[in-house]
Amino acid sequence: MNSNNSQQNNKKTWSGRFTEPVSELVERYTASVPFDYRLAEYDIQGSLAHAKMLSIQGIISNSDQVAIEQGLTQIRDEIRNNEFTWQLALEDVHLNIEKRLTHLIGDAGKRLHTARSRNDQVATDIRLFLRASIDRILSLIKDLQYALLNLAEKHIDTVMPGFTHLQVAQPVLFSHHLMAYFAMLKRDTERLLDCRKRVNLLPLGAAALAGTSYPIDRHLVAKLLDFEGICENSLDAVSDRDFAIEFCASAALIMTHLSRLSEELILWMNPRFGFIELADRFCTGSSIMPQKKNPDVPELVRGKTGRVNGHLIALLTLMKGQPLAYNKDNQEDKEPLFDTVDTLIDTLRIYAEMLSGVTVHHNTMRQSALRGHATATDLADYLVKKDIPFRDAHEIVAKTVQFAEQKGCDLSDLPIHELQQFSDRIEADVLTVLTLEGSIKSRNHIGGTAPEQVMAALQKARQWLENEYIQPR
Ligand code: ARG
């Protein structure tokens with residue numbers, strides 16, 4: 001970034017009425033180019049569409065439009081090839097590009113800003129940026145869903161203890177557990193698709209706040225930029241950033257879901273659980289304790305969730321006190337938004353890869369489900385089917401569990417004659433009820449953990465991913 005104020009005669013584009021230049025501190029404080037330069041591609045895209053419309057409407061000449069198109073194409077190449085000199089004194093991405101354009105093509109460059117303001121220009125840039133980001137994120141969520149689905153299909157027979165309060169509750173299929181995250185990600189996708197509809201509207205034409213006196217064609221610009229429609233109130237178009245807030249809320253939820261899964265991976269990888277192993281490439285060692293293998297990646301996902309949640313609050317706070325219409329406050333929308341997008345993209349990418357490298361310890365999971373009296377509810381349900389009221393059955397099983405605890409074994413290890421001490425309704429058929437497989441198989445309805453249901457759920461998920469879910473564009 002070039003911060004030399006005097007170079008290239010950098011009189012501010014807007015400084016006509018000013019009698020003194022801004023101080024170096026004010027210049028640095030108010031500039032956004034150190035971070036908004038990354039909107040350049042979208043800024044150029046927006047300008048190309050605007051210029052085309054201006055010329056079709058007879059607002060600028062055809063030759064001016066041709067010159068603008070050539071100039072902007074050259075600038076785009078310069079930026080892509082890292083040959084463009086960004087200048088802090090030119091404040092933001094918009095003025096940097098406009099100044100260069102004028103330098104290249106003269107007066108035609110100065111005509112580009114006819115019927116436009118930086119206010120509707122920047123709102124357009126962010127929407128284009130966010131639309132592209134959403135599309136990228138949607139495809140990465142899909143990759144992650146495939147990774148979950150593949151892992152679930154591979155371990156369709158693996159039984160694990162299901163937890164409530166992080167205490168053993170009831171046995172479940174590991175695949176069923178994984179598919180809970182698939183369901184969360186499916187809702188995340190739906191949320192993003194919905195948010196995308198509101199992002200995908202054109203603010204250009206709103207100009208500074210009130211619209212413009214030139215005979216513009218907003219629908220044409222919308223069409224050229226592939227927007228689904230236009231923002232219908234000019235003051236709203238330039239001032240609100242609710243679409244970015246909505247996106248950040250969806251992003252915070254995705255991160256929150258991944259943070260929960262991370263917490264589980266961390267626990268499962270602890271040798272006291274020993275359920276899974278993460279591939280070495282997602283872990284690190286300790287500089288002092290040679291035995292250590294730490295789950296850094298899931299820990300960082302958990303940590304970075306805090307930062308994304310923070311960006312959501314930052315944007316909400318940014319908006320809450322702003323009177324209509326545009327205020328410079330809105331320049332502060334970019335860094336939280338960019339960081340949210342970057343963090344989310346990296347997290348999703350790393351997660352899909354990490355899940356494909358998970359080793360599952362089938363037997364350890366199973367053994368763990370055999371401790372903690374995971375089939376106690378099944379025994380109670382068995383008694384209810386033999387006509388004992390549920391509350392009484394609950395009490396009987398609680399006593400039985402207490403007995404097993406004293407004996408130092410699992411409920412399912414008790415021989416039939418010992419079980420019968422607690423109720424005369426208990427017969428030999430109880431033994432299948434108390435097995436992990438018996439328990440799991442009995443939960444045979446939509447949403448239950450019975451193998452038949454989980455298989456159907458896996459099939460349905462694959463069908464959705466492969467055939468039903470249509471990615472935008
Ligand atoms: N850099 C500004 C932003 O990000 C562009 C819009 C400036 N508009 C203005 N009236 N100063 O919001």
Side-chain angles (χ1 to χ4, degrees), residues 1-3 5 10-18 21-23 25-47 50 75 79 84 86-102 110 112-133 199 202-212 231 234-245 247-248 311 314-342:
M1 187 89 28
N2 196 318
S3 56
N5 201 345
N10 277 330
K11 200 161 99 52
K12 302 275 185 232
T13 315
W14 40 256
S15 67
R17 62 156 292 177
F18 288 76
V22 295
S23 74
L25 175 61
V26 171
E27 180 169 285
R28 188 161 50 77
Y29 194 75
T30 53
S32 55
V33 67
F35 48 87
D36 71 13
Y37 71 92
R38 67 185 279 185
L39 292 174
E41 288 274 340
Y42 305 104
D43 196 69
I44 291 171
Q45 207 184 328
S47 290
H50 179 67
I75 292 171
I79 294 171
F84 190 89
W86 296 104
Q87 294 180 59
L88 195 73
L90 290 174
E91 206 176 314
D92 57 27
V93 61
H94 324 293
L95 296 179
N96 266 272
I97 291 176
E98 192 186 310
K99 187 82 172 189
R100 175 73 183 142
L101 184 66
T102 303
K110 294 188 197 161
L112 171 61
H113 211 55
T114 314
R116 186 175 76 170
S117 152
R118 273 186 295 158
N119 297 352
D120 56 346
Q121 189 179 356
V122 72
T124 304
D125 292 4
I126 305 168
R127 284 172 184 266
L128 288 171
F129 161 80
L130 194 50
R131 183 179 70 187
S133 304
V199 169
L202 174 81
L204 268 181
L209 76 163
T212 171
C231 302
S234 62
L235 293 118
D236 177 46
V238 288
S239 64
D240 207 346
R241 297 291 182 265
D242 59 352
F243 61 91
I245 296 176
F247 166 78
C248 285
H311 293 327
L315 290 191
L316 281 168
T317 313
L318 178 69
M319 274 325 303
K320 74 177 272 293
Q322 285 194 53
L324 290 179
Y326 176 86
N327 301 280
K328 186 79 166 178
D329 310 41
N330 274 348
Q331 180 163 291
E332 285 289 302
D333 63 353
K334 286 165 205 63
E335 286 163 293
L337 186 61
F338 291 162
D339 190 65
T340 299
V341 166
D342 294 343

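Numbering starts at 1 and runs along the sequence shown. Just so you know, ligand 1 is whichever comes first in the structure, and atom 1 is the first atom listed for that ligand.
Within a 6.0 Å radius of NZ in Lys320, no more than 12 heavy atoms belonging to other residues, nucleotides or ligands are found.
Contact annotation: Lys334 has at least one heavy atom less than 4.0 Å from an atom of ligand 1.
Those atoms of ligand 1 with a heavy atom of Ser32 less than 4.0 angstrom away are 1 (N).
Remark: the Asn330 side chain and the Gln322 side chain contain an N/O donor-acceptor pair separated by less than 3.5 Å.
Under 4.0 Å is where a charged nitrogen must lie from a carboxylate oxygen, and between Glu332 and Arg241 no such pair does. Salt-bridge check for Glu335 with Arg38: failed, with every basic side-chain N at 4.0 Å or more from each acidic carboxylate O. Salt bridge annotation for Glu27-Lys12: present, with a cationic side-chain nitrogen under 4.0 angstrom from a carboxylate oxygen.
The nearest protein atom to atom 9 (C) of ligand 1, hydrogens excluded, is given as Asn119 OD1, 3.4 Å; this is a heavy-atom distance. Counting only heavy atoms of the protein, atom 11 (N) of ligand 1 lies nearest to Arg118 NH2, 3.7 Å. When only non-hydrogen protein atoms are considered, atom 5 (C) of ligand 1 lies nearest to Asp92 OD2, 3.5 Å. Scanning all protein heavy atoms for the shortest distance to atom 3 (C) of ligand 1 gives Tyr326 OH, 3.3 Å.
Contact of the Leu95 side chain with the Trp14 side chain is registered, since non-hydrogen atoms from C-beta on lie closer than 4.5 Å.
Of the candidates Arg241, Lys328, Gln331, Glu332, the one placing a heavy atom closest to atom 2 (C) of ligand 1 is Gln331.
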